[in-house]
Amino acid sequence: MSHAPDNPFGQVLVALVTPMTPDGEVDWAGVEKHIDDVITNGADGIVVSGTTGETSTLTDAEKLRLIEVAKSVSAGRAKIIQAGGSNETAHAIQLYKKSEQIGIDGIMVVTPYYNKPTQSGILTHFRLIADSTDLPVILYDIPGRTGVPIKYETLLRAAKHPNIRAVKDAKGDFAEVSRVLNNTDLLYFSGDDANVLPHLAIGASGLIGVTANITSRPYRTIVDAVNRGDLKTATEQHKKLEPLVRAVMTHIPGTVSAKYILHGLGRIGSPRVRLPLVGPEDFEAAIIEQELDLVRDVDGADFSNFRPDRNAAAGGALPKVAGATR
């Protein structure tokens with residue numbers, strides 16, 4: 001393609017954790033503070049109620065309130081994207097329509113999980129959701145969670161829909177990313193923290209990151225460096241981030257480790273997650289803490305006063321109202 005298509009989503013997007021109280025209710029004041037923190041540190045997009053936001057155990061009412069709170073805190077400083085969706089097309093359409101009424105900037109639609117539709121079913125799911133809204137859509141390709149990849153031919157066909165604008169890629173097939181970029185106007189977002197720089201280096205427009213909850217500053221530095229063609233600066237930041245990314249992404253679910261670390265830094269009031277997620281067991285916490293000991297010179301991640309609390313993190317919560325699955 002001769003020119004980069006317009007990007008309505010931002011470049012440094014945070015897959016936002018949803019701070020909760022020790023009994024597993026959403027900590028709304030904590031949500032406001034955390035959103036302000038990540039935007040102040042360089043994020044220009046916030047993805048609410050995605051995997052990292054514990055979409056599977058949030059109610060639709062909570063998902064919609066997250067948009068309202070994010071919009072109000074952001075006050076135009078960052079785009080707000082509604083993730084989540086559903087493996088039931090009708091439910092997904094309903095949620096995104098309500099999100100659009102509240103004033104979301106874009107939506108992210110994950111491949112239907114668990115029911116394992118064919119590529120034709122996946123395409124129909126995406127098209128019907130994109131038909132039901134005027135918002136720009138990011139397709140989320142994460143076969144490790146959904147059981148089904150979005151194949152090249154499906155991406156090609158989906159790209160013809162005027163509202164389908166981007167892919168969040170957690171499949172890691174870089175040759176396919178290049179092929180899609182060559183043959184469509186789709187934007188790509190790195191959906192795997194360890195692969196942010198490689199994705200950007202082959203033409204991705206940005207990232208949707210979990211580790212960016214802890215600090216979005218180095219990601220801002222990487223993106224700004226890539227934008228001006230400065231691979232040296234981008235690579236330096238990438239190398240410095242490696243132990244932090246490992247700590248967050250490799251041992252337990254990213255939500256759990258991100259909350260554990262944010263709580264240890266005094267940034268959120270509790271590390272609580274909702275069941276079936278649970279806080280780290282002692283041996284898992286020990287591994288995470290060992291990784292964090294290797295973090296040096298990461299802008300916005302100072303672990304000199306890190307005070308993790310394994311007891312506060314132990315177990316998981318059963319919220320008062322069950323989530324979205326019906």
**Asked** Hydrophobic clusters join Ile, Leu, Val, Met, Phe, Trp and Tyr when side-chain heavy atoms are under 4.5 Å apart, directly or via other members; which others share one with Leu318?
**Response** Leu275, Val278
**Prompt:** Just checking, is any N or O donor in the side chain of Glu88 or Asn115 under 3.5 Å from an acceptor N or O on the other one?
**Reply:** no
**Request:** Could you tell me which residues satisfy side-chain hydrogen bond (donor to acceptor under 3.5 Å, both in side chains) with Asn7, sequence neighbours excluded, listed by chain and number?
**Result:** none
**Complete:** Shortest non-hydrogen pair, Phe189 vs Leu207, comes out as CD2-N, 3.7 Å
**Approximate separation, where rounding is to 0.5 Å, of Thr235 OG1 and Lys240 NZ** = 12.0 Å
**Prompt:** Could you state the interatomic distance from CG (Leu58) to CZ (Arg65), rounded to the nearest 0.5 Å?
**Reply:** 12.5 Å
**Complete:** Between Ile261 and Phe306, the two heavy atoms sitting closest are O-CE1, 3.4 Å
**Thr133 and Lys97 side chains, donor-acceptor separation under 3.5 Å** = no
**Message:** What verdict does the side chain to side chain contact (heavy atoms under 4.5 Å, CB included) test give for Thr184 and Leu155, after you've listed the backbone C-alpha separation in whole Å, the side-chain angles of each residue and the deciding distance to 0.1 Å?
**Reply:** CA-CA 9 Å; Thr184 71; Leu155 288 165; over 6 Å; no
**Message:** Is there a side-chain contact between Val196 and Thr211 in this structure, where contact means two heavy atoms from C-beta onward sitting under 4.5 Å apart?
**Reply:** no
**Item:** Sole candidate of Thr59, Thr18, Thr21 that passes side-chain contact (heavy atoms from CB on, under 4.5 Å) when paired with Val26
**Value:** Thr18
**Fill in**
For residues 269-284, the side chain to side chain donor-acceptor pair (under 3.5 Å) pairs (sequence neighbours left out) are Glu62-Arg274
**Asked** Between Thr154 and Gln119, is any side-chain donor less than 3.5 angstrom from a side-chain acceptor?
**Response** yes
**Item:** Minimum-distance pair of heavy atoms, taken over all atoms of Leu187 and Pro8
**Value:** CD1-CD, 3.9 Å
**Request:** Establish whether Ile287 and Ile252 are linked, either directly or via other cluster members, by ILVMFWY side-chain heavy-atom contacts under 4.5 Å.
**Result:** no
**Request:** Indicate yes or no: at least one non-hydrogen side-chain atom of Ile104 is less than 4.5 angstrom from one of Ile81.
**Result:** no
**Item:** Cluster check Val180, Ile202: I/L/V/M/F/W/Y, side chain < 4.5 angstrom
**Value:** yes
**Asked** Atom CD1 in Ile214, atom CG in Leu241: separation rounded to 0.5 Å?
**Response** 10.5 Å
**Message:** Suppose we screen for salt bridge (charged side-chain N to carboxylate O under 4.0 Å, His left out). Which residues come up paired with Asp224, at least two apart in sequence or across chains?
**Reply:** Arg220
**Prompt:** Under a 4.5 Å side-chain heavy-atom rule over Ile, Leu, Val, Met, Phe, Trp and Tyr, are Val256 and Met20 clustered together?
**Reply:** no
**Request:** Would you check if the side chain of Thr55 reaches a backbone N or O of Gly50 as a donor-acceptor pair within less than 3.5 Å?
**Result:** no
**Asked** Within a strict 4.5 Å, meaning less than it, do heavy atoms of the Tyr219 and Val14 side chains meet?
**Response** no
**Message:** Quick check: closest heavy atoms across Ala166 and Leu186, and the distance to 0.1 Å?
**Reply:** N-CD2, 3.6 Å
**Prompt:** Is there side-chain contact between Tyr113 and Val110, with heavy atoms separated by less than 4.5 Å?
**Reply:** yes
**Prompt:** With a 4.5 Å limit on heavy-atom distance, are the side chains of Tyr188 and Ile138 in contact?
**Reply:** no
**Item:** Backbone of Met108 reached by a side-chain donor or acceptor of Tyr96 within 3.5 Å
**Value:** yes
**Asked** Which residue pairs pass the side chain to side chain donor-acceptor pair (under 3.5 Å) test with at least one member in residues 246-265, sequence neighbours excluded?
**Response** Glu54-Lys259, Arg246-Glu291, His251-Glu291, Tyr260-Glu289
**Item:** Close side-chain approach of Leu197 to Ile222, heavy-atom, < 4.5 Å
**Value:** yes
**Item:** Pair Asn213, His34: side-chain N/O donor-acceptor within cut-off below 3.5 Å
**Value:** yes
**Item:** Flag, side chain of Asn41 to backbone of Ser216, donor-acceptor distance under 3.5 Å
**Value:** no
**Item:** Pairwise distance CZ(Arg179) to CG(Leu181) - rounded to 0.5 angstrom
**Value:** 12.5 Å
**Item:** Heavy-atom closest pair, residues Gly42 and Val12
**Value:** O-CB, 3.9 Å
**Asked** Which pairs, with at least one residue in residues 153-169 and sequence neighbours excluded, count as a salt bridge (Lys or Arg N to Asp or Glu O under 4.0 Å)?
**Response** none
**Prompt:** Can you name the residues that form a side-chain contact (heavy atoms from CB on, under 4.5 Å) with Lys320, not counting sequence neighbours?
**Reply:** Asp23, Glu25
**Hphob cluster co-occupancy, Ile39 + Ile268, side-chain heavy atoms under 4.5 angstrom** = no
**Request:** Output yes when a side-chain donor or acceptor of Lys71 lies under 3.5 Å from a complementary backbone atom of Ile102, and no otherwise.
**Result:** yes
**Message:** Main chain of Arg267, side chain of Lys33: is a donor-acceptor contact present, judged purely on distance under 3.5 Å?
**Reply:** yes
**Request:** Can you sort out the partners of Ser190 under side-chain hydrogen bond (donor to acceptor under 3.5 Å, both in side chains), two or more places apart, ordered by chain and number?
**Result:** His199
**Asked** Below 4.5 Å, heavy atoms only, C-beta onward: do Thr146 and Tyr114 meet side chain to side chain?
**Response** no
**Message:** I'd like to know if the side chain of Asn163 and the backbone of Ala130 have a donor-acceptor N/O pair within less than 3.5 Å.
**Reply:** yes
**Message:** Can you see whether Gln82 engages Ser49 through a side-chain donor-acceptor pair at a distance of less than 3.5 angstrom?
**Reply:** yes
**Asked** Measuring from His125:NE2 to Asn87:CG, what's the distance to the nearest 0.5 Å?
**Response** 8.0 Å
**Message:** So, taking the atom named CG in Leu64 and the one named CG in Leu95, what distance separates them when rounded to the nearest 0.5 Å?
**Reply:** 6.0 Å
**Message:** For a quick test of reading the model, state the closest non-hydrogen atom pair linking Ala212 to Val38 and the distance between them.
**Reply:** O-CG1, 3.9 Å
**Item:** Lys79 vs Asp44, side chain to side chain contact (heavy atoms under 4.5 Å, CB included): CA-CA, chis, key distance, verdict
**Value:** CA-CA 6 Å; Lys79 301 288 188 188; Asp44 56 8; over 6 Å; no
**Item:** Set of residues satisfying salt bridge (charged side-chain N to carboxylate O under 4.0 Å, His left out) with respect to Asp230, sequence neighbours excluded
**Value:** Arg228
**Message:** Less than 3.5 Å apart, any donor N or O on the side chain of Asp60 or His91 sitting next to an acceptor on the other?
**Reply:** yes
**Asked** What pairs of residues pass the salt bridge (Lys or Arg N to Asp or Glu O under 4.0 Å) test when at least one of them lies in residues 106-132, not counting sequence neighbours?
**Response** none
**Request:** Report the residues that fulfil salt bridge (charged side-chain N to carboxylate O under 4.0 Å, His left out) with Lys171, sequence neighbours left out, ordered by chain and then residue number.
**Result:** Asp141, Glu176
**Asked** Can you tell if the side chain of Glu100 reaches within under 4.5 Å of the side chain of Ile107, non-hydrogen atoms only?
**Response** no
**Asked** Does Asp299 use its side chain to pair, donor to acceptor, with the backbone of Pro218 at less than 3.5 Å?
**Response** no
**Item:** Partners passing salt bridge (charged side-chain N to carboxylate O under 4.0 Å, His left out) against Lys232 (at least two apart in sequence or in another chain)
**Value:** Glu236
**Asked** Below 4.0 angstrom, N of the basic side chain to O of the carboxylate: do Asp36 and Arg77 qualify?
**Response** yes
**Request:** May I have the step-by-step check of side chain to side chain contact (heavy atoms under 4.5 Å, CB included) for Phe126 and Thr111, ending in yes or no?
**Result:** CA-CA 8 Å; Phe126 290 154; Thr111 317; 4.1 Å; yes
